[in-house]
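Quick note: residue numbers are just sequence positions, from 1.
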Amino acid sequence: MTRVRRGYIARRRRTKICLFASTFIGAHSRLTRTATQQKMRALVSSHRDRGRQKRDFRRLWITRINAAARENWVFYSYSKLIHNLYKKQLLLNRKILAQIAISNKNCLYMISNKIGK
């Protein structure tokens, strides 16, 4: 039987995994099997945390708006502010309202006067 020389495909696959795992610590960056496992784990985490990041930022924005509303006596709470915004059909999302609350509190006060208490 003739000798079979192994091709470059397996080596290319391992090289690709090692490049992905090059920043991992210890055996996770050196050994092929553990690097493969860590790569799968990293990809799962990144997929999960992209959705998580959206939730976290929304919570942050809501907290900032609520703090600004209570501080300036614009409204007694965040929920009343948002409710009145919807009633008056002012389409401002939470991200924009949070930026206004941080950078220009007078503007938030003007918006609250516009929609009424």
Would you compute the distance between atom CG of N113 and atom CG of L108 and round it to the nearest 0.5 angstrom?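 Output value for this atom pair is 10.0 Å.
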Distance (rounded to the nearest 0.5 Å) between R70 CZ and L81 CG: 11.0 Å
For M110, what are the other residues in its hydrophobic cluster, where any two members join if their side-chain heavy atoms are less than 4.5 angstrom apart?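 ILVMFWY cluster around M110 holds nothing else.
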Can you list the other members of the hydrophobic cluster that holds F57, where links are side-chain heavy atoms under 4.5 angstrom apart?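 Under the 4.5 Å side-chain rule, F57 groups with L60, W61.
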Can you list every pair that meets side-chain hydrogen bond (donor to acceptor under 3.5 Å, both in side chains) and has a residue in residues 37-50, with sequence neighbours left out? none
Side-chain donor-acceptor pairs under 3.5 Å in residues 17-34, sequence neighbours left out?
from : atom 1 : to  : atom 2 : distance (Å)
S22  : OG     : L19 : O      : 3.1
S29  : OG     : F24 : O      : 3.4
S29  : OG     : G26 : O      : 3.0
R30  : NH1    : G26 : O      : 3.1
T34  : OG1    : A27 : O      : 3.0
T34  : OG1    : L31 : O      : 3.2

Pairs flagged by salt bridge (charged side-chain N to carboxylate O under 4.0 Å, His left out) wherever residues 52-68 is involved - sequence neighbours left out: R52-D56
Please table the atom pairs, donor to acceptor, closer than 3.5 Å between any side-chain atom in residues 85-100 and protein atoms at least two apart or in another chain.
from : atom 1 : to  : atom 2 : distance (Å)
N93  : OD1    : I96 : N      : 3.0
R94  : NE     : Y78 : OH     : 2.6

